[in-house]
Structure formats: C-alpha cells, structure tokens
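Heads up, the thing below is written out as structure tokens.
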Amino acid sequence: MSTPLLAALLLVLPLGALAGGAGGFTPLDRQQAAALMQPAQYREPTLIALWSSECAYCQQNLQVLARLQRQHPEVRIITLAVEAPGPELTRLYQRSGLRGVHYAYTDPVPESLNSAVDKNWGGELPRSYLFKQQEARGAVSGLLEVKAVEAAWGR
Amino acid sequence: MQRRHFLALMGTAPWLALPAWAHEGHEAAPTPQKGKPGRPELAAAAAFGPDGRLHAVRKEGAYLVVQTSTDLGLHWSAPLRVNAQPEAIAADGDSQPKLIVTPGGDVLVSWTKPLTKPYTGEIRLARLAAGGARFEAPITVHQDRAEITHRFQNMICDAQGRVLVVWIDKRDLEAARLRKQPYAGAALYMAVSENGGRSFLPERKLADNSCECCRIALARHPDGRIGVFWRQIFDGERDHALLFIAPDGRVSPIQRATQDHWKLEACPHHGPALTVSTAGELHATWFTQKDGSARVFAGVLDGAGGPPKVQRPMGQSAQVQADLVASDVGVALVWKEFDGERTRLRAQLNPHADAPATLELDSTHGASDQPRALVLAGKPYAFWHLAEGGLRVYPLCAV
C-alpha cells in the first residue's frame, strides 16, 4: 500500500466508523441511492419511504408505516431520510417504533437525489416506492393509506 | 488494502465534510439553528435600488448580512449585519429572507425567526434608511405572539409606497383544533405598513386553507394592484390560488388559478412565482403533479378564474426551481436543474414565443440556492447564490 493511500485511510477510518454509528442511519451518496432503487433486488414486498425531519406529514407517515409493519410483518420497510443524520432524525425515527434499515442521503446537493431516485419525483415528501417480485409496483406522494399499499401488492 | 475497500470507505466520507456555512460566521450561534443538518443555508434575496445599486441578503451564522454592488455583482461591499443581536433565522429552500428597496431608497429585509416548537416562527423585519450606516432594530410584523406557525413570508412595496408583508399562519388551525373541528392546511395573513416599514397595522387574513409550507409569490400589476399567488387546498387538491389587493386595500375574491387537481396529503415545500407584464399578462411558474408526473410548469394565468391560458412543462426532470420577471425585452424566465452531474442555471426570454432560445448561464457541482429574476431599468438579470462561488449576477440581454 502506498504511503499517501495509507495516510488517506488513517484519516477516513475513524470518521467512517462514526458515520456508521450516526444515530443508526447509514449514509448514502447519489450512486448508492440509485442502487437502492433497482427493483431486481426486491423479491419480497418492499417499501422504500423518503422522508425528512422538517416534514410534518412524514412523521404521520412513519406512524402509518409502523402500523403497516405490525399488520404485515413480512413486508420489508426501508426508510431514506433526505438529509444528513442528526439527533432530530434519530428521535423521530425511534419515536415511530419502525424497524428496518434506515438510510440518510448525505450528498450536499439536494436536487441530485431526484436524478438518483426518480426523475418524475419533484422533491415532495413523504414519497414512497413499492416493489415486489423484482418489479416496481408504484410510487406514491403524500401520506400513505395502508389499503392502497395492500392493493398495489395484490393483497 | 484492495482498491474497492478503499472506495467503499470513501463512500461514507462525503457527509462528514464540513458544510460551507461551518466556515462562515466566526461566532458560535447562541440560538437554535433550524434547517436540515449538513446543508448550507443558502437562501438569499436581492433587489436593485432606485440608484441602480444591487442589494443582496444572505445568512451568516446567526445573522443576516446585506452586501451592495455598484457593478452588477462583480464586486460586493463588506457584509453589513441586518440583526445586531444574533437570532435563529430560516434560510433554506422555500424559507427565504426577502429584500426590497423602497422608492425612497430604504432597504427592508424580512425573515422568519424559528421558535422552539417545530414549525413555529415569527415574521421579522429590519430597515436600513437610505444613506444610513446600520439597520434599525428588527420588529416583529404581526401582533399575534402565540408560538405557532408564522412562516414563509414575502413582501412588496405598492405604488403608494406601502409595504405589504404576507405569510403562512396557523392561528385558525390552532383555534379549530381547540374546537375539535377539522381545518385543512394553514391560512394566509397580511400586514401593511404605511410608514415605510417602521411599524405595521394589525394583520388581516387573506385566505383560509393555504398549503402549509410553500413560498408565496407577490407581483405588482401595472394598474396598481398587487397580485398574490400561492398554493391553496381546494377540497384536498393542492392547486394554486390568485387574488388581488387594490390600491384602496380592498381584497378581491380568491380565484382558482391552476387546475392540475393534485390530490395530495402532504406539502410539496415548493411554491410558485408570478410577474405581470406591461400588458397585464399574468406570467407564472408553479410546481405540480399532472398525469402522475411531477413537473414545474411555466404559463400564463387566466386571471378571471379559468384555467391557465398557457401551460408548458419546464426542464428535463421534475426538480426544477424557477423564477421570472417582466422587463422591457419581455418576460425573463430563469431556472436551475440538475443534469446528473451539475446543477445548471438557464434562462429564456419570452418563453412562450415560438422556439425561444435557452441561455446557458452557469453551472456548479456544489449546492446552490433557488435562482431569482431581477430587473433594472427595464433589463432582466438572474441572481444566484452558490456554495462555491457566492453571490452571482447574470445579464439576460445586452447591457
């Protein structure tokens, strides 16, 4: 290993460890966010929910998702906060009682998330994407209704 | 170590980079600072004064600062603090400080001061008298002091020199909650100053059931009226409404000005823009979802309650931020959009003419504010605040 590379790693390693522990949120950049949206990886019913700590409707939506999770434990719920990890994000997520993987979009250019995730999404929150059997099953802006989600999954 | 491991580690690093604002404002902020963590608070505003000088306001730590340029943004004066005492200031996305210059040359700056509870705030305003060395102490524009939403303010000076401040207000929602009655969204309130912004008359309600967190557009009509254009909830559909305030203070009935029927249980946090041409045409941009796809549209409003006379989607994707202004060379439309690598600033003159030329003004890899369209001596300009590049001005026709 070259000396400059080692020096770079020494700089990055402790910070990287801190990132992984940022309130339990895993940071995503724009390439990782694009990869998260690929349907081929979702055989089982999966819901990806975009949200923000500043969005009041998103907090209601987390409650809806927690209810959906209780009713359908087989559903995989992934949340993606459109902001860097912070105490408010952690507090709101923990309060919702949701379980699952939770990511935070950390690219400093907010509008880049649109091209990474969905060009037909204009940034409105909450925004949810449904997947099943390696296919996209729809996108919903606004507060989710459990029945509408069940219908999209053919239940 | 293998290269892919190194790259994976590097992938976790960008969010740890210090945001641009961490390098600004050398004093620690003593008041709570709202906004999204890790994001620079770039929301800025600018206006030309009657002498042709350009004044711009932006956030620096717990202060707003104004800088002035006499050469169309090539050089800027040293920052002048708007608020001598530090306070919480919203300056992100549609939560924007605003700046106007009165016909007499006074500079007025308004902003939202977030309070402790989530989504609450006060509308603040400070005045720099023409030729003055420092801003006067800020005032709170409204009389209601409840710790509730008073946010997303905008302001304008009418033909008589009165200053109108309009904002999103949740006092009616809070009252309905106490009565255990439903209330959709928030309300639009206005306060008027008849002494150049030194004090304001008691506020009045303009509309019930506005959307909760979208910026409000204000524009002067050549006939002396002030146009107000905002996102409104019509039976659960978040379309846009228009009303006019006459020079005598009378408020017109509310018109439904866009009819895209976006049924949405959420607030898009993306308000419209409005300008009125010398012929009285109502040019606007607005964000909505139509036929399942979200887009920003540019168009001409009917102004009499009908659907827009012209409506066309802008840009190549949904995340476009636009502004427009009427000028002697026609309506100037400016917008930014992300192309996958860079955020690009573009403009069109007379966007509804046949095949208008698109001007490529600038681009950045970094974060940027929404662009603004300005006019000086009948000529249009774009103004853009960049995390990497600061305050920039672009002439849109031959100077």
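Numbered from 1 within each chain, the chains take letters A, B, ... in sequence-line order. What you are looking at is a predicted structure, and each value in this text was computed from that prediction instead of being measured.
Of the atoms belonging to Glu145(A), not a single heavy atom falls under 4.5 Å from chain B. With a 4.5 Å cut-off on non-hydrogen atoms, Cys55(A) touches chain B through its backbone but not through its side chain. In this structure, chain B has no heavy atom under 4.5 Å from any part of Ala139(A). For Ser293(B), the parts sitting under 4.5 Å from any heavy atom of chain A are the backbone and the side chain alike. In this structure, chain A has no heavy atom under 4.5 Å from any part of Gln321(B).
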| task | Please report the C-alpha distance between Arg231(B) and Phe287(B) in whole Å, then the side-chain angles of each, then the deciding distance to 0.1 Å, and finally whether the side chain to side chain contact (heavy atoms under 4.5 Å, CB included) criterion is met. | result | CA-CA 9 Å; Arg231(B) 190 185 302 279; Phe287(B) 171 66; 3.7 Å; yes
| Test side-chain hydrogen bond (donor to acceptor under 3.5 Å, both in side chains) applied to Gln60(A) and Glu265(B), step by step | CA-CA 10 Å; Gln60(A) 290 181 54; Glu265(B) 274 290 304; over 6 Å; no
| said: What verdict does the side-chain hydrogen bond (donor to acceptor under 3.5 Å, both in side chains) test give for Tyr57(A) and Glu212(B), after you've listed the backbone C-alpha separation in whole Å, the side-chain angles of each residue and the deciding distance to 0.1 Å? | reply: CA-CA 10 Å; Tyr57(A) 286 95; Glu212(B) 298 94 333; 2.5 Å; yes
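With chain B as partner, the option from Ser115(A), Pro126(A), Pro110(A), Gly123(A) having the largest number of non-hydrogen pairs under 4.5 angstrom is Pro110(A). Your options are Lys119(A), Glu111(A), Arg127(A), Arg30(A), and the one with the most heavy-atom pairs under 4.5 Å with chain B is Glu111(A).
Each of Arg342(B), Arg392(B), Arg344(B) was evaluated against Asp362(B); a single residue qualifies, Arg392(B), per the salt bridge (Lys or Arg N to Asp or Glu O under 4.0 Å) test. A side chain to side chain donor-acceptor pair (under 3.5 Å) with Glu237(B) is found for one member of Lys263(B), His261(B), Gln259(B) and no other, namely His261(B).
Aromatic ring orientation, Tyr42(A) versus Phe131(A): tilted (interplanar angle from 30° to 60°).
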